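The next block holds one structure in the form of structure tokens; read it before the comments.
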Number of protein chains: 2
Amino acid sequence: MEEKFKLENQLCFRLYTASRLLTQAYHPLLGEHGLTYPQYLVLLVLWEKDAQPVNDIAKRLLLETNTVTPLLKRMEAEGIVTRSKGKEDARQMIVKLTKKGRDLQQKLTDVPETVGNAVLCESVTPETFPGLFVMLDDIIDQLKQ
Amino acid sequence: MEEKFKLENQLCFRLYTASRLLTQAYHPLLGEHGLTYPQYLVLLVLWEKDAQPVNDIAKRLLLETNTVTPLLKRMEAEGIVTRSKGKEDARQMIVKLTKKGRDLQQKLTDVPETVGNAVLCESVTPETFPGLFVMLDDIIDQLKQ
DNA sequence: TTAGTTTATATCGTTCACGATGCAAATATA
DNA sequence: TATATTTGCATCGTGAACGATATAAACTAA
């Protein structure tokens, strides 16, 4: 009974599981360089544009600052980023890449392709990727309200 | 530069974000009954089949027992499940629903539809759901290795 | 200018996730 | 039957997530 409660009919469980397993696929590649997956996401944001306040990084990742702040402090302790008070707005903490943080981009150059290949299969191919991206983006937009 | 490192090109970030946001959509509905989303997943498993050892629940959710054990202890403390040593195999802990745990199914009867409606949009409809499910299932199967 | 409000970040507490490790019960092997 | 291995679960430590709350700087309005 209760078809609607079956695990097989749950979108959220699939997203939750796919997310966890794919994050696990990153783990050995990132762990080698002392990084976690959320820290890698911060690097993606800073590689695109260096020197951003905490709030901009959090917004870009759709996370709260109370998640990002401790994460950034760990990255600062690892010497990957620096955090300094904003000049024009003293409330802001500006996060900048160190040389170590910048150099990680070269060291992680194979990561996107390696992980990308790990998910390729019958229904998930370079051709079907865009359609999947659109659906996930729409779900995200819908839930951001 | 470095198209491959752009956040917009990352499948994992989309899965991670969609999973988090959809879990957040469950939060008010479940919180009303003192439940978290992972606890709700355990209930889905036990509503399908009551009285399962910890290992079977963990396998069904593709989680480790060291994640599930503390979670079950919290649910036991809430009076939602009981945990008792297995009769035939004393290593096993058999998890059973209490009346409170069974009764929650009625109280949460609207949850699947409410959350389901929350994700409906242009590209995600009852018609496109099956295709999305297949892709996510394939990704999950691929990564389970 | 002062008082009230908003904004940016930080702190705290709770609950996952998960790698590493420990331990006892069950099973396999010598 | 004694010993070794495997299995099932638990414990510990670390790093997210996130709600609630705090604090200081910036802004707004009286």
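Treat the numbers as computed from the prediction; the structure is a model and nothing was measured. These values consider heavy atoms only, across backbone and side chains, with no hydrogens, waters or symmetry-generated copies. Letters A, B, ... are given to chains in the order of the sequence lines, protein chains preceding strands, and every chain is numbered from 1.
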Legend entry - Gap between atoms NZ and C1', on Lys87(A) and dA25(D) respectively (whole Å): 17 Å
Inset, instruction - Say whether, by atom type as modelled, one donor and one acceptor occur between the side chain of Arg102(B) and the main chain of Leu97(B) under 3.5 angstrom. - result: yes
Legend entry - Rounded interatomic separation in angstrom, taking CE from Met75(B) and P from dC16(C): 9 Å
Inset, instruction - Would you mind telling me which residue lines up with the more 5' stretch of DNA chain D, Pro70(B) or Lys59(B), judged by nearest nucleotide? - result: Lys59(B)
Inset, instruction - Determine whether Ile94(B) and Arg83(B) make a side-chain contact, defined as any pair of heavy atoms from C-beta on separated by less than 4.5 Å. - result: no
Legend entry - Residue closer to the 5' end of DNA chain C, Tyr16(A) versus Glu88(B) (nearest nucleotide): Tyr16(A)
Inset, instruction - By nearest nucleotide on DNA chain D, pick out whichever of Asp89(A) and Leu71(A) is the more 5' one. - result: Leu71(A)
Inset, instruction - State whether the side chain of Tyr37(A) and the backbone N or O of Phe13(B) hold a donor-acceptor pair below 3.5 Å, judged by distance alone. - result: yes
Legend entry - Ion pair check, Lys107(B) and Glu32(B), cut-off under 4.0 Å: no
Inset, instruction - In whole angstrom, give the distance that lies between atom CD of Gln24(B) and atom P of dA20(D). - result: 12 Å
Inset, instruction - Starting at atom CG of Leu72(B), determine the distance to atom P of dT15(C), rounded to an integer number of angstrom. - result: 14 Å
Legend entry - Euclidean distance, atom CG of residue Leu35(A) to atom P of dT14(D) [Å, nearest integer]: 18 Å
Legend entry - Side chain of Gln92(A) (C-beta onward), nearest among dC9(D), dA17(D), dA8(C): dA8(C)
Legend entry - Contact under 4.0 Å: Thr65(A) side-chain N or O vs dA8(C) OP1/OP2: no
Inset, instruction - Take the protein atom CG of Leu30(A) and the nucleotide atom C1' of dC18(C), then report the distance between them rounded to whole Å. - result: 15 Å
Inset, instruction - Give the nucleotide from the list dG8(D), dG19(D), dG15(D) with an atom nearest to the side chain of Arg74(A). - result: dG15(D)
Legend entry - Axial cation check for Tyr16(B) ring with Arg14(B), 6.0 Å and 45° limits: no
Legend entry - Residue Pro53(A), side-chain heavy atoms: nucleotide from dC16(C), dT9(C), dA16(D) that is nearest: dT9(C)
Legend entry - Under 4.0 angstrom between Thr67(A) side-chain N/O and dA16(D) OP1 or OP2: no
Legend entry - Any Lys73(A) side-chain nitrogen or oxygen under 4.0 Å from OP1 or OP2 of dT11(C): yes
Inset, instruction - Determine whether more than 12 heavy atoms belonging to other residues, nucleotides or ligands lie under 6.0 Å from atom CD of Glu8(B). - result: yes
Inset, instruction - Would you please confirm or rule out a distance under 4.0 Å between OP1 or OP2 of dC16(C) and any side-chain N or O of Thr36(B)? - result: yes
Legend entry - Closest nucleotide among dT9(C), dA17(C), dC18(D) to the Leu63(A) side chain: dC18(D)
Inset, instruction - Assign Asn66(B) to base, sugar-phosphate, or nothing according to its heavy-atom contacts below 4.0 angstrom with the strands shown. - result: base
Legend entry - Separation of dA25(C) C1' from Lys85(B) NZ (nearest whole Å): 9 Å
Legend entry - OP1 or OP2 of dA17(D) under 4.0 Å from side-chain N/O of Tyr37(B): no
Legend entry - Under 4.0 angstrom between Gln39(A) side-chain N/O and dA16(D) OP1 or OP2: yes
Legend entry - Whole-Å gap separating P (dA17(D)) and CG (Leu15(B)): 14 Å
Legend entry - Residue Arg91(A), side-chain heavy atoms: nucleotide from dA24(D), dG15(D), dC18(C) that is nearest: dA24(D)
